[in-house]
Amino acid sequence: MSKTPQAIRGTQDIFGPDAEAFAFVVETFERVRRLYRFRRVEMPVFEKTEVFARSIGETTDIVSKEMYSFEDRGGESLTLRPEFTAGISRAFLSNGWQQYAPVKLTTHGPLFRYERPQKGRYRQFHQIDAEIIGAGEPQADVELLTMADQVLKELGITGVTLHLNTLGDGDSREAWRAALVEHFRAVKDELSEDSQERLEKNPLRILDSKDRRDQQFVGTAPKIDQFLSGDARAFFDAVTGGLDAAGVKWTRAESLVRGLDYYRHTAFEFIPDEGSEAAGKLGSQSTILGGGRYDGLMESLGGAPTPAVGWAAGIERLAMLCEGKGTERLEIAIAAENAEREGDAAEMVAIFRRQGFNAELFATGSPRKRFDKARKADPAVLISFDVRDGQHTQTLTSADSDYARAAEAEAIFAGRWNG
RNA sequence: GCGAUCGUAGCUCAGUUGGUUAGAGCGCCGGUUUGUGGUACCGGAGGUCGCGGGUUCGAACCCCGUCGAUCGCCCCA
């Protein structure tokens, strides 16, 4: 006998309550995006490698070491998508969706990054995603964030706060970056090894370093606010004002930066409050939803300048905060306690299902154990078909007095077996 | 890429300083009850102790390697 192959590291087989919670997240997202009139888009799971390499930034970890890239039979380098935004942008340009701009899009599905798996992080993971393309006004940021906030609320997630920052426009960001490099270079020898690396590759990231050696210099580091142009300042004020008007709570996070090169202006993450139940469930992978404005991305793919803003959220991480949700209790359990009654039981379960009840038939294994099995499934209504003293008997028991459709179920049962 | 912890039945786990035939609970299968209701009792199947080497009279247990998992760092959803 050959050995059973193992699943690929970092992939998951999701089943049971976890799978129900996963579906609950997706269904809730689909419902809410309709309320905001976002349109659905489906995209390829893989693209030419350059789609990601050019848009995300060559020096980012995602591009430099986390992509699942391979050559197809024609020798072309392809990559399993590590995020949605680059592929959506490519589709926007390929298909001339400028004609629909500004266009509000959502999608969800699997993404791939070659990383070491840990709690809340996988090599194949799943996100829900929302983008507004072709809208440069701060109102777009507000609408997008308000939707994100509503998705989380309707998932029943609490103890999570929107952390908001601005990276300014391109000039503001570059001036700030230069000032940060200067600031940290002066104390380079006292920084952590990681941050000495970051100084060259991605100095903004030093700001949210967890290392104490770095944190003492973060407080005195130059702030983006000192470099914001008047327009950039006004843009951010319009976003925060709009969020206040929409009733979305937020907090300013001056050191929040996003990892990818294409972000400008608004950057945000929804993060569990310290010490909250949500924080405990997530472990160290704490960001559940993140995104921002990426006004420069289309140009990097050869398109015309096109403002856009978007976010993505990890379905697995959201599902961890929705434990037990999406699982429906069994409404009708039907036991055929005698082989002679299996036909009647099968008919009954079909009737209930056609009437919109979820129902399960127990008609296999030892006839004596079927009633027990049905009861252990914890149904709201339990129906048994049996033969006693040569007579056919059928009984209905309502196990749950709170069950709303009990009377309806009893009427259907009586309608067939009125005796 | 780096670090820590852990791999025993389908699942959750015991297993003493290394010592006969590796256990329990749950689940699964079968049996017992003639009962308007049962979550009871009895029995059974199921394990190359992740895999490969080594030490030893003897290894689930000690050593080395390897694979896998979990958690953390980096990074990120």
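Residue numbers begin at 1 in each chain, while the letters A, B, ... track the order of the sequences. Given the structure is predicted, the values throughout are model-derived calculations rather than measurements. Heavy-atom basis, side chains included; hydrogens, waters and symmetry copies ignored.
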*Gap in Å between the two P atoms, one belonging to rG7(B) and one to rG50(B), rounded*: 8 Å

*Roughly how many Å is it from CG in Asn202(A) to C1' in rC76(B), rounded to a whole number?*
12 Å

*Rounding to the closest angstrom, what is the interatomic distance between rU66(B) and rG1(B) at atom P?*
13 Å

*asked:* Between P on rA77(B) and CD on Glu83(A), what's the gap in Å once rounded to a whole number?
replied: 8 Å

*Reckon Gly120(A) touches a base, only the sugar-phosphate, or nothing at all at heavy-atom distances under 4.0 Å?*
base

*Which whole-number value in Å describes the distance from Asp18(A) CG to rC11(B) P?*
16 Å

*Quick one: Arg9(A) CZ to rC71(B) P, roughly how many Å, whole number?*
13 Å

*asked:* Salt bridge check, Glu337(A) against Arg341(A): does any charged N sit closer than 4.0 Å to a carboxylate O?
replied: no

_In whole Å, measure the gap between the P atoms of rA60(B) and rU48(B) for me._
13 Å

Sub-3.5 Å pairs of nitrogen or oxygen atoms, protein against nucleotides 2-4 of chain B:
from: rC2(B); atom 1: N4; to: Arg116(A); atom 2: NH1; distance (Å): 2.7

*Of all residues at least two apart in sequence or in a different chain, which pass the side-chain contact (heavy atoms from CB on, under 4.5 Å) check with Arg375(A)?*
Phe371(A), Asp372(A), Leu382(A)

*Please measure how far the C1' atom in rG46(B) lies from the corresponding atom in rC28(B), and state the result in whole Å.*
9 Å

*To the nearest angstrom, how far is Leu256(A) atom CG from rC76(B) atom P?*
11 Å

*Sequence neighbours excluded, every pair satisfying ring pair (Phe, Tyr, Trp, His ring centres under 6.0 Å) that has a member inside residues 126-147 of chain A*: Phe22(A)-His126(A)

*Glu115(A) with Arg121(A): basic N within carboxylate O range, under 4.0 Å*: yes

_Any donor-acceptor N/O pair, Thr107(A) side chain to Val41(A) backbone, under 3.5 Å_ = yes

*Contact list for RNA chain B against residues 180-199 of chain A - heavy-atom distance below 4.0 Å*: Asp194(A), Arg198(A)

*Look at all strands and tell whether Glu337(A) reaches a base, only sugar-phosphate, or nothing, counting heavy atoms closer than 4.0 Å.*
base

*Are the aromatic rings of Trp250(A) and Phe270(A) close, with centres under 6.0 Å apart?*
no

*Give one of base, sugar-phosphate or nothing for Arg205(A), where a contact means two heavy atoms less than 4.0 Å apart.*
sugar-phosphate

*asked:* I want to check one thing: is the phosphate of rG72(B), taken as OP1 and OP2, less than 4.0 Å away from some side-chain N or O of Ser284(A)?
replied: yes

*asked:* Looking at Glu83(A) and Arg113(A), is any side-chain nitrogen of the basic one under 4.0 Å from a carboxylate oxygen of the acidic one?
replied: no

*Counting any heavy atom closer than 4.0 Å, what does Thr395(A) reach on the DNA or RNA strands: base, sugar-phosphate only, or nothing?*
base

*Start with the C-alpha distance between Thr364(A) and Lys373(A), add both sets of side-chain angles, then the distance that settles side chain to side chain contact (heavy atoms under 4.5 Å, CB included), and finish with yes or no.*
CA-CA 10 Å; Thr364(A) 59; Lys373(A) 274 192 196 169; 4.2 Å; yes

*asked:* Going by side-chain contact (heavy atoms from CB on, under 4.5 Å), name the residues that satisfy it together with Arg185(A), two or more places apart in sequence or in a different chain.
replied: Val181(A), Leu199(A), Glu200(A)

*If you pin Ile288(A) and Arg375(A) to their nearest nucleotides in RNA chain B, which one's is more 5'?*
Arg375(A)

*rG19(B) and rG43(B): how far apart are their P atoms, nearest whole angstrom?*
29 Å

*With a 4.0 Å cut-off, would you call Asp171(A) and Arg264(A) a salt bridge?*
no

*Please report, rounded to the nearest Å, how far the P atom of rC75(B) is from the CD atom of Glu269(A).*
13 Å

_Could you tell me how far apart Arg121(A) (CZ) and rC76(B) (P) are, to the nearest whole angstrom?_
10 Å

*With nearest nucleotides of RNA chain B determined for Gln127(A) and Ala7(A) from heavy-atom distances, which residue corresponds to the more 5′ nucleotide?*
Ala7(A)

*N or O in side chain of Thr397(A) less than 4.0 angstrom from rG37(B) OP1/OP2*: no

*Base, sugar-phosphate alone, or nothing: which one does Glu66(A) contact when heavy atoms must sit under 4.0 Å apart?*
sugar-phosphate

Identify each atom pair where a protein N or O and an N or O of nucleotides 30-34 of chain B are less than 3.5 Å apart, giving names and distance.
from: rG31(B); atom 1: O6; to: Lys369(A); atom 2: NZ; distance (Å): 2.7

*Answer yes or no: is there an ion pair linking Glu190(A) with Lys188(A), defined by an N-O contact shorter than 4.0 Å?*
no

*With rounding to whole Å, what would you report as the distance between rC57(B) and rU20(B) at their C1' atoms?*
14 Å

*Given the C1' atoms of rU33(B) and rC26(B), what is the spacing between them in whole Å?*
24 Å

*Where at least one partner belongs to residues 7-20 of chain A, residue pairs that pass side-chain hydrogen bond (donor to acceptor under 3.5 Å, both in side chains), sequence neighbours excluded*: Gln12(A)-Glu316(A)

*Whole-angstrom distance between rU12(B) and rG27(B), as gauged at atom C1'*: 11 Å

*Check side-chain contact (heavy atoms from CB on, under 4.5 Å) between Lys281(A) and all other residues, then give those that pass, not counting sequence neighbours.*
Glu277(A), Leu321(A), Glu323(A)

*Keeping the roles fixed (side chain from Thr166(A), backbone from Gly168(A)), state whether a donor-acceptor pair exists under 3.5 Å.*
yes

*Looking at Gln118(A), does any N or O in its side chain come under 4.0 Å of the phosphate oxygens OP1/OP2 on rG72(B)?*
yes

_So is the aromatic ring of Phe125(A) stacked onto the base of rA77(B), judging by whether the centres are under 5.5 Å apart and the planes are under 30° apart?_
yes

*Pairs in or reaching into residues 181-222 of chain A: which pass ring pair (Phe, Tyr, Trp, His ring centres under 6.0 Å), with residues at least two apart or in two chains?*
none

*Listed by chain and number, what are the side-chain hydrogen bond (donor to acceptor under 3.5 Å, both in side chains) partners of Arg198(A), not counting sequence neighbours?*
Ser195(A)

_Can you list, in residue-number order, the parts of residues 155-168 of chain A that come under 4.0 Å of RNA chain B, counting heavy atoms only?_
none

*Between Tyr36(A) and Gln150(A), is any side-chain donor less than 3.5 angstrom from a side-chain acceptor?*
yes

*Could you spell out the base pairing of RNA chain B in dot-bracket, with Watson-Crick or G-U pairs whose two distances are under 3.5 Å, [ ] crossing and | to another strand?*
(((((((..((((.....[...)))).(((((.......))))).....(((((..]....))))))))))))....

*Is a side-chain donor or acceptor of Arg370(A) paired with a backbone partner of Ser384(A) at a separation under 3.5 angstrom?*
no

